[in-house]
Amino acid sequence: MALTEWTRSMEWLAAASEDPGACKHEWQNGSTGVTLLEAGRFWDVLIVPEELGLRVADLMEELTPLDPGPCLLDARRRRVGFLLPPEPQTLWIGTGVRLLGAGTWITAPAPHCRWGALRWLVPPDGTGTLNMPEVLEVALQRCASELSRLQGRCAPAAHGRTAPDEMPGSDPRMVRQCAAGAGVRR
């Protein structure tokens, strides 16, 4: 990562901190090299199980016309987090899937950190590029189905997103519905 790009990435990511100056100082000179960043304002984080998340991250990198958004690996907790645009009226449904939005925090290393137990698989680029929810949803569906076939099981519970009052029924396919304007699509 070139110095200019790294600086831009650090500025962009640190903006989600309560104290951007202290955040940048920790990344550059601190003892831990990680800081707390608030989700829900500039981005939400979709947390998925590691095996699924690594496959999804690989697939999203292969989709060449798209610039993948930031993706963070927490090897200790065996989770992968994808940064998405904040969507307060949307829930993601699936086994082991959790959406972190307003009122939640993540621990993040410096944007150039691509080693260690907590590292960026795809670092932020500093321009505000995030993962597109629609693309991420399709990648989750595809990779979840592939994992199910490889493990010789039925497909896991749906991975998708839905508005809070539209929880999926017995449909085994992934469901995606979100708030649109004043109402919810039905």
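The analysis underlying the following values was restricted to heavy atoms, covering all of them including side chains, and did not include hydrogens, waters or symmetry mates. Everything quoted here is computed from the prediction, not taken from an experiment.
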*Given side-chain contact (heavy atoms from CB on, under 4.5 Å), test L73 with L118 step by step and report yes or no.*
CA-CA 6 Å; L73 171 65; L118 183 62; over 6 Å; no
*With sequence neighbours left out, write down each residue that passes side chain to side chain donor-acceptor pair (under 3.5 Å) with T129, or none if nothing qualifies.*
D125, T127
_Test side chain to side chain donor-acceptor pair (under 3.5 Å) applied to R114 - qualifying residues, sequence neighbours left out_ = none
*asked:* Same cluster or not: F42 versus V45, using hydrophobic residues (I, L, V, M, F, W, Y) connected whenever any side-chain heavy atoms lie under 4.5 Å apart?
replied: yes
*Compare every heavy atom of P49 with every heavy atom of G96, then report the nearest pair and how far apart it is.*
O-CD, 3.4 Å
*With a 4.5 Å limit on heavy-atom distance, are the side chains of L72 and P109 in contact?*
yes
*List for me each residue that meets side chain to side chain contact (heavy atoms under 4.5 Å, CB included) alongside A57, sequence neighbours excluded, and say none if there are none.*
C71, F82, L121
_Side chains of L100 and I106 in contact at under 4.5 Å (non-hydrogen atoms)_ = yes
*asked:* Between L83 and L130, is there a side-chain heavy-atom distance shorter than 4.5 Å?
replied: yes
*Non-neighbouring partners of E18 that pass side chain to side chain donor-acceptor pair (under 3.5 Å), sequence neighbours left out*: none
_Flag side-chain contact, heavy atom, 4.5 Å: V48 against L140_ = yes
*Do H112 and S9 come within less than 4.5 Å of each other through their side chains, counting heavy atoms only?*
no
*Assess whether side-chain contact (heavy atoms from CB on, under 4.5 Å) is satisfied between V80 and L54, documenting all intermediate values.*
CA-CA 7 Å; V80 174; L54 291 174; 4.3 Å; yes
_Under the side chain to side chain contact (heavy atoms under 4.5 Å, CB included) test, residues paired with M132 that sit two or more places apart_ = L66, E134, V135
*Any chance you could lay out the side-chain contact (heavy atoms from CB on, under 4.5 Å) test for L147 and L52, step after step, and finish with the verdict?*
CA-CA 8 Å; L147 280 172; L52 176 61; 4.0 Å; yes
*Report the distance from atom CD of E137 to atom CG of N131, rounding to the nearest 0.5 Å.*
13.5 Å
*asked:* Would you say that W43 contacts P85 through its side chain, given a criterion of any heavy-atom pair below 4.5 Å between the two side chains?
replied: no
*asked:* My understanding is that a hydrophobic cluster links ILVMFWY residues whose side chain heavy atoms are under 4.5 Å apart, including indirect links. Using that, what else belongs to the cluster containing W105?
replied: L36
*Do P133 and E87 have side chains that get closer than 4.5 Å, going by heavy atoms?*
yes
*Check: R119 side chain, G116 main-chain N or O, donor-acceptor pair, under 3.5 Å*: yes
*Taking the hydrophobic residues Ile, Leu, Val, Met, Phe, Trp and Tyr, and joining any pair whose side-chain heavy atoms are under 4.5 Å apart, which ones share a cluster with V122?*
none
*Would you please name every residue forming a side chain to side chain contact (heavy atoms under 4.5 Å, CB included) with P20, sequence neighbours left out?*
A14
*Keeping to residues at least two apart or across chains, list the salt bridge (charged side-chain N to carboxylate O under 4.0 Å, His left out) pairs with something in residues 94-107.*
none
*How many angstroms lie between OG1 in T107 and CZ in R76, if you round to the nearest 0.5 Å?*
10.5 Å
*asked:* For R41, give me all partners under salt bridge (charged side-chain N to carboxylate O under 4.0 Å, His left out), at least two apart in sequence or on another chain.
replied: none
*Might you work through the side-chain contact (heavy atoms from CB on, under 4.5 Å) test for L136 and M60, ending with a clear yes or no?*
CA-CA 8 Å; L136 182 58; M60 301 234 345; 3.8 Å; yes
*Determine which pairs satisfy salt bridge (charged side-chain N to carboxylate O under 4.0 Å, His left out) with at least one residue from residues 46-58, sequence neighbours left out, and list them in order.*
E50-R78, R55-E146
*Counterpart residues, side chain to side chain donor-acceptor pair (under 3.5 Å), relative to T32 (two or more places apart)*: E26
_Please find the pair of heavy atoms, one from P70 and one from W120, that lie closest to each other, and give the distance._
CB-CZ3, 3.7 Å
*Atom pair CG/CG of L84 and L99 - distance to nearest 0.5 Å*: 7.0 Å
*asked:* Are the side chains of L13 and L37 in contact, using a 4.5 Å heavy-atom criterion?
replied: yes
